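All chains are named by letter (A, B, ...) in the order of the sequence lines, taking the proteins before the strands, and each is independently numbered beginning at 1. Since we're looking at a predicted model, the values are computed, not measured. In what follows, every heavy atom counts, from backbone to side chain, and hydrogens, waters and symmetry copies are set aside.
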Amino acid sequence: MSQRKTRVRFAPSPTGTLHIGGVRTALYNYLFAHKNNGDFIIRIEDTDQQRFVEGAENYIMEALNWLGINPTESPVHGGPFGPYRQSERKEIYQKYAQQLVDSGNAYYAFDTAAELEEMRKRLVEAKSSNQQYNAATRMEMRNSLTLNVEEVNQLLEAHKPYVIRIKLPENENVHFTDIIRGDISVNTANMDDKVLFKSDGMPTYHLANVVDDYLMEISHVIRGEEWLPSAPLHVLLYRYLGWEDKMPQFSHLPLILKPDGNGKLSKRDGDRLGFPVVPLDWTDPATGNITNGYREHGYLPKAVLNFLALLGWNDGTEKEVFSLEEMIASFSLERINKSGAKFDFEKAKWFNHHYLQLMSNDELAAELLPKFIANGYSTTEEYILKIVGLLKERSNFTDDILKQSTFFFDPPAAYDDAILSKKWKPQFMEVFKGWKDTFTEMCDFTPSQIEVNSKMYLENREVGIGSVMQPFRILITGVSNGPSVFEICSILGQSEVIARMETGLNHIAKLEKV
RNA sequence: GGCCCGUUCGUCUAGGGGUUAGGACACCAGAUUUUCAUUCUGGUAACAGGGGUUCGAUUCCCCUACGGGCUACCA
């Protein structure tokens, strides 16, 4: 076999957001390309003008960029095999469609939508095992095989709408080897004379895909399992076009399934389960509906990449945490699973927690500062740095830090009265007032000093520290749990702690009266 | 319906003719944390069913069941 350069492509349609299965396909393509010192190409498959969505292409490019899996060639990066948008390659396909007609491997079909529907209905009623447009039925339809040459020419000259269909053999086994699944074989009797060229002058996926993969010298096609049934068709196309020796090797990836129940994971599952299934926030231009993305949800690109890579692939060891470089080093198509994987939100969360802990406090603080400011807190990176140090390990997402930190900026707007009244004893009022006064006298307001100071005071008053800590926490933060309360006090500072104790005690005084 | 693909703990998976069927997430318990979370330690938990082949099958073959995909002038 000749040494071909490894060239792979990710070929999304710009019909909306990129969903997580697509992201994984892109990732596997990227990994395989880099593993083999090859090229990773993005090709935009926008042959369906009806489904084209404005902004979708940008979204795809931005998502891949966010994840750090950038292509070597693409519509925006350019490259020697462009253009990389199929709509801009329109003329190319026509030539090959014509070539197939001329060689007798394709034909014109003039059937209307109604005629096609009628045919299928008739076959259903006749209890035919399948309702395909192929050797079994094509001679009953209006096409260049049933019409005579003059009729065909007349229709063509009159600009009657037509499509070009592939002419499949009647009964032939087509087989090919899939790197992931092994030998696949399908008989043409069960296949369709698929439309290759549409009446609007655009090719269908099947033609465009094969032509472009050939012209772009693609060596491996790595795509979703939904393409497995049409792979034999593509094999035939390579054969009829005379490119069989340049045919790429196929790898059909297992699908990503819904976490609950059955079926392929969809965008709607994300909304339904309150969990992102797309990389970035996406606003549907038609409806204005927003789909939440990983990035905005506080996911780290490294975490998304890692858990996605493991959804259907592993390196055969017990290693689960991979950097992108490590994934490249150990990636192989042969180790991709055959069966679909249910998406596991919990594991994704765990990965994110893991990668969040790996980030330095400085890094996190720098990233979070704008968010804090956007939330209306006037603060400094220095202050955020302290908060991050305290909150990081209890957070799964960067935003968790934001959410847990309100009491670092504002005194409690409300207190957890249920727990407060359960833990509070009338005699605490005097104890707390005295405790507060000890803070006034402190000159070193560090966590350890506050702790030592408090323990000493409470011991002198013969009050069990355990009975008093929970109310103290609520007075300071309003809530009954969180990080070390002494740490919190130290960050808040002496005067703020004293002030909060005062307002807190006033609140309790009011509670007691009721 | 037809065609194609698949099936190991709840989930993601390792393994592969003889194993105490391994790991991770989740879950449960204990320890640490005067709270909660984190962390640490331990634990529960799986070869879809039936036939073969074989001295021996979870592993190989067949059937069934179940799951998934495709079945458009969508990709």
If the cut-off is 4.0 Å, is [X] near the phosphate of [N], judged by side-chain N/O to OP1 or OP2?
X: N130(A); N: U71(B); result: no
X: R51(A); N: A75(B); result: no
X: K423(A); N: U35(B); result: no

Distance between the [atom1] atoms of [N] and [M], in whole angstroms?
N: C27(B); M: U33(B); atom1: P; result: 23 Å
N: A48(B); M: U8(B); atom1: C1'; result: 10 Å
N: C66(B); M: G23(B); atom1: C1'; result: 27 Å
N: A37(B); M: C74(B); atom1: C1'; result: 47 Å
N: A29(B); M: A45(B); atom1: C1'; result: 15 Å

For [X], which contact category applies under a 4.0 Å heavy-atom criterion: base, sugar-phosphate, or nothing?
X: N337(A); answer: sugar-phosphate
X: K319(A); answer: nothing
X: S13(A); answer: sugar-phosphate
X: D111(A); answer: base
X: R335(A); answer: sugar-phosphate
X: E320(A); answer: base
X: R181(A); answer: sugar-phosphate
X: I184(A); answer: sugar-phosphate
X: T15(A); answer: nothing
X: K194(A); answer: sugar-phosphate
X: V163(A); answer: base
X: G464(A); answer: nothing
X: K127(A); answer: nothing

Please step through side-chain hydrogen bond (donor to acceptor under 3.5 Å, both in side chains) for the pair D417(A) and H507(A), ending with a clear verdict.
CA-CA 10 Å; D417(A) 286 332; H507(A) 171 76; 2.8 Å; yes

Is there a donor-acceptor contact under 3.5 Å linking the side chains of T137(A) and Q132(A)?
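There is no such pair (donor and acceptor under 3.5 Å, judged by atom type) between the side chains of T137(A) and Q132(A).
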
Distance only, no hydrogens: is a donor on one side chain within 3.5 Å (strictly under) of an acceptor on the other, for H252(A) and R181(A)?
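No pair is found: no donor N or O on one side chain lies under 3.5 Å from an acceptor on the other.
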
Hey, does the Lys NZ or Arg CZ of K436(A) hover above the aromatic six-ring of F432(A), less than 6.0 Å from the centre and inside 45° of the axis?
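The answer is no, since K436(A) fails at least one limit relative to F432(A).
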
Under 6.0 Å from the ring centre and within 45 degrees of the ring axis: does the NZ or CZ of R138(A) meet both conditions for the six-membered ring of Y133(A)?
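No; the conditions do not both hold, so R138(A) does not lie above the ring face of Y133(A).
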
Residues [X], [Y]: salt bridge by 4.0 Å N-O rule:
X: R9(A); Y: E45(A); value: no
X: E346(A); Y: K349(A); value: yes
X: K347(A); Y: D344(A); value: no
X: D315(A); Y: R335(A); value: no
X: K455(A); Y: E451(A); value: yes
X: R142(A); Y: D111(A); value: no

Heavy atoms under 4.0 Å is the rule here; annotate nucleotides 38-49 of chain B 5' to 3' with B where the base is hit, S where only the sugar-phosphate is, and - elsewhere.
BS----------

Side chain of [X] (C-beta onward), nearest among [options]:
X: L255(A); options: G68(B), C12(B), U35(B); value: G68(B)
X: S339(A); options: C73(B), U7(B), C5(B); value: U7(B)
X: K342(A); options: U11(B), A75(B), C5(B); value: U11(B)
X: P229(A); options: C5(B), C70(B), C25(B); value: C70(B)
X: E318(A); options: G23(B), C5(B), A75(B); value: G23(B)
X: S129(A); options: U35(B), G2(B), C74(B); value: G2(B)
X: E225(A); options: C5(B), U13(B), G15(B); value: C5(B)

Separation of atom CZ in F343(A) from atom P in U11(B), rounded to whole Å
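In whole Å, U11(B) P lies 16 Å from F343(A) CZ.
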
Result of checking K90(A), R43(A), R85(A) against D212(A) for salt bridge (Lys or Arg N to Asp or Glu O under 4.0 Å)
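Only one option passes, and that is R43(A).
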
Using purine N1 to pyrimidine N3 plus N6-O4 or O6-N4 for Watson-Crick, or N1-O2 and O6-N3 for G-U wobble, each under 3.5 Å, what pairs with [N]?
N: U32(B); answer: none
N: G1(B); answer: U71(B)
N: A65(B); answer: U7(B)
N: U20(B); answer: none

Which of residues 477-490 of chain A have a heavy atom under 4.0 Å from RNA chain B?
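RNA chain B contact set from residues 477-490 of chain A: S480(A), N481(A), G482(A), P483(A), S484(A).
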
For H206(A) and M469(A), find the nucleotide of RNA chain B closest to each by heavy atoms; which residue's nucleotide sits nearer the 5' end?
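Nearer the 5' end of the strand: M469(A).
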
Which is more 5' along RNA chain B, the nucleotide nearest V195(A) or the one nearest D344(A)? Just name the residue.
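Nearer the 5' end of the strand: D344(A).
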
